[in-house]
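What follows is one structure encoded as structure tokens, with my remarks underneath.
Residue numbers count from 1 along this sequence. First listed ligand is number 1; within each ligand, the first listed atom is number 1. Heavy-atom basis, side chains included; hydrogens, waters and symmetry copies ignored.
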Amino acid sequence: MRVPLVAGNWKMYKTVAEAVDYARRLKSSGSPAGVELAVCPPFTALLAVGRELAGSQVGLGAQDMHWAEEGAYTGEVSPLMLKELGCRYVILGHSERRQHFGESDEAVNAKVKAALRHGLVPIVCVGETLAEREAGRAREVVAGQLRGSLAGLAAQEAGNVVVAYEPVWAIGTGRTALPEDAQEMSAFIRALLAEMFGREVAGKVRIQYGGSVKPENAAGILRQPDIDGALVGGASLQVESFLAIARAAAK
Ligand code: 13P
């Protein structure tokens, strides 16, 4: 059985003070049973949030990282540094990184390998743009990103990866994918994983949906058989809405 993972991607939101306040309230609310929760604050708040969440079930994640352990890479953060802060997860290849920072599948692949080497669970994001969907190329794009990002992994490593299907047109737009469409793409991703790493591994990998997930639409999406949780942006910024989504995943 795959335990659903509901992760909050805070993006570039929250000061340390705001993040600590959130973490305190989240910890005291307690997480629902049958679902794993994680929060991914900005780098600046990881240490403080990790300290607040110590002893709770909520996992800590980063939003990106470099693949090298250390080096002359101004502005970057390494897997070792994230481990030291107590991170369990790292989001890799988010569409905002691909779009605004030119991140390629090759770079994502190097980061995924580095994460696994250091015992971090990569949350690997894939998803098509509106133009690609309208051109009937959604599957082709997602397949290319998935193959590129997970190239060269051993089957046993691939079993530890989380994949987040985030159609770019649904991110921050209030326009969610229909549950049937999100399910169809998730089933496609799982079939692709089976082709790449075998059926057993594909059956283990958690596939999240992301893109305008809110308490109002979460249940319909999260009840789909191949969707194992959500990667939540805007609605994860308030404890109440984040937990409401988590409860929908737990059912
Ligand atoms: P929203 O939930 O704000 O649409 O963001 C989704 C996302 O990008 C999560 O990584």
Reference residue K111; test side chain to side chain contact (heavy atoms under 4.5 Å, CB included); the match among D64, L116, V90
D64

For ligand 1 and L231, I'd like to know whether there is a polar contact (N/O to N/O, distance under 3.5 Å).
no

Between ligand 1 and K11, is the shortest N or O to N or O distance under 3.5 Å?
yes

Any G211 heavy atom less than 4.0 Å to ligand 1
yes

Cationic N near anionic O, under 4.0 Å, R139 to E184:
yes

Can you tell me which portion of N9 lies within the under-4.0 Å heavy-atom range of ligand 1? Options are side chain, backbone, both, or neither.
side chain

Of the protein's non-hydrogen atoms, which lies at the shortest distance from atom 3 (O) of ligand 1, and what is that distance?
G234 N, 2.8 Å

Are E157 and R117 within salt-bridge range, i.e. N to O under 4.0 Å?
no

Distance-only N or O hit between ligand 1 and E166, under 3.5 Å:
yes

Can an N or O of A235 be found at a distance shorter than 3.5 Å from an N or O of ligand 1?
no

Nearest protein heavy atom with distance in Å, relative to atom 2 (O) of ligand 1:
G233 N, 2.9 Å

Number the atoms of ligand 1 from 1 as they appear, then name those within less than 4.0 Å of a heavy atom of S212, with their elements.
1 (P), 2 (O), 4 (O)

Check this for me - ligand 1, T173, N or O atoms closer than 3.5 angstrom, yes or no?
no

So does D21 pair up with K14, basic N to acidic O under 4.0 Å?
no

Does P4 have any side-chain contact (heavy atoms from CB on, under 4.5 Å) partners at least two apart in sequence or in another chain, and if so, which?
V35, A249

Check if A170 has a non-hydrogen atom at a distance under 4.0 Å from any atom of ligand 1.
yes

Table please: side-chain donor-acceptor pairs of residues 159-174 below 3.5 Å, with sequence neighbours left out.
{"from": "Y165", "atom 1": "OH", "to": "E128", "atom 2": "OE1", "distance (Å)": "3.0"}
{"from": "Y165", "atom 1": "OH", "to": "E128", "atom 2": "OE2", "distance (Å)": "3.1"}
{"from": "Y165", "atom 1": "OH", "to": "R133", "atom 2": "NH2", "distance (Å)": "3.3"}
{"from": "E166", "atom 1": "OE1", "to": "H94", "atom 2": "NE2", "distance (Å)": "3.1"}
{"from": "W169", "atom 1": "NE1", "to": "E128", "atom 2": "OE2", "distance (Å)": "3.0"}
{"from": "T173", "atom 1": "OG1", "to": "W169", "atom 2": "O", "distance (Å)": "2.8"}
{"from": "T173", "atom 1": "OG1", "to": "A170", "atom 2": "O", "distance (Å)": "3.4"}
{"from": "T173", "atom 1": "OG1", "to": "R175", "atom 2": "N", "distance (Å)": "3.1"}

Please verify the inter-ring angle class for Y22 with F242; under 30° counts as parallel, over 60° as perpendicular, anything in between as tilted.
tilted

Between Q145 and D105, do the side chains contain a donor N or O and an acceptor N or O under 3.5 Å apart?
no

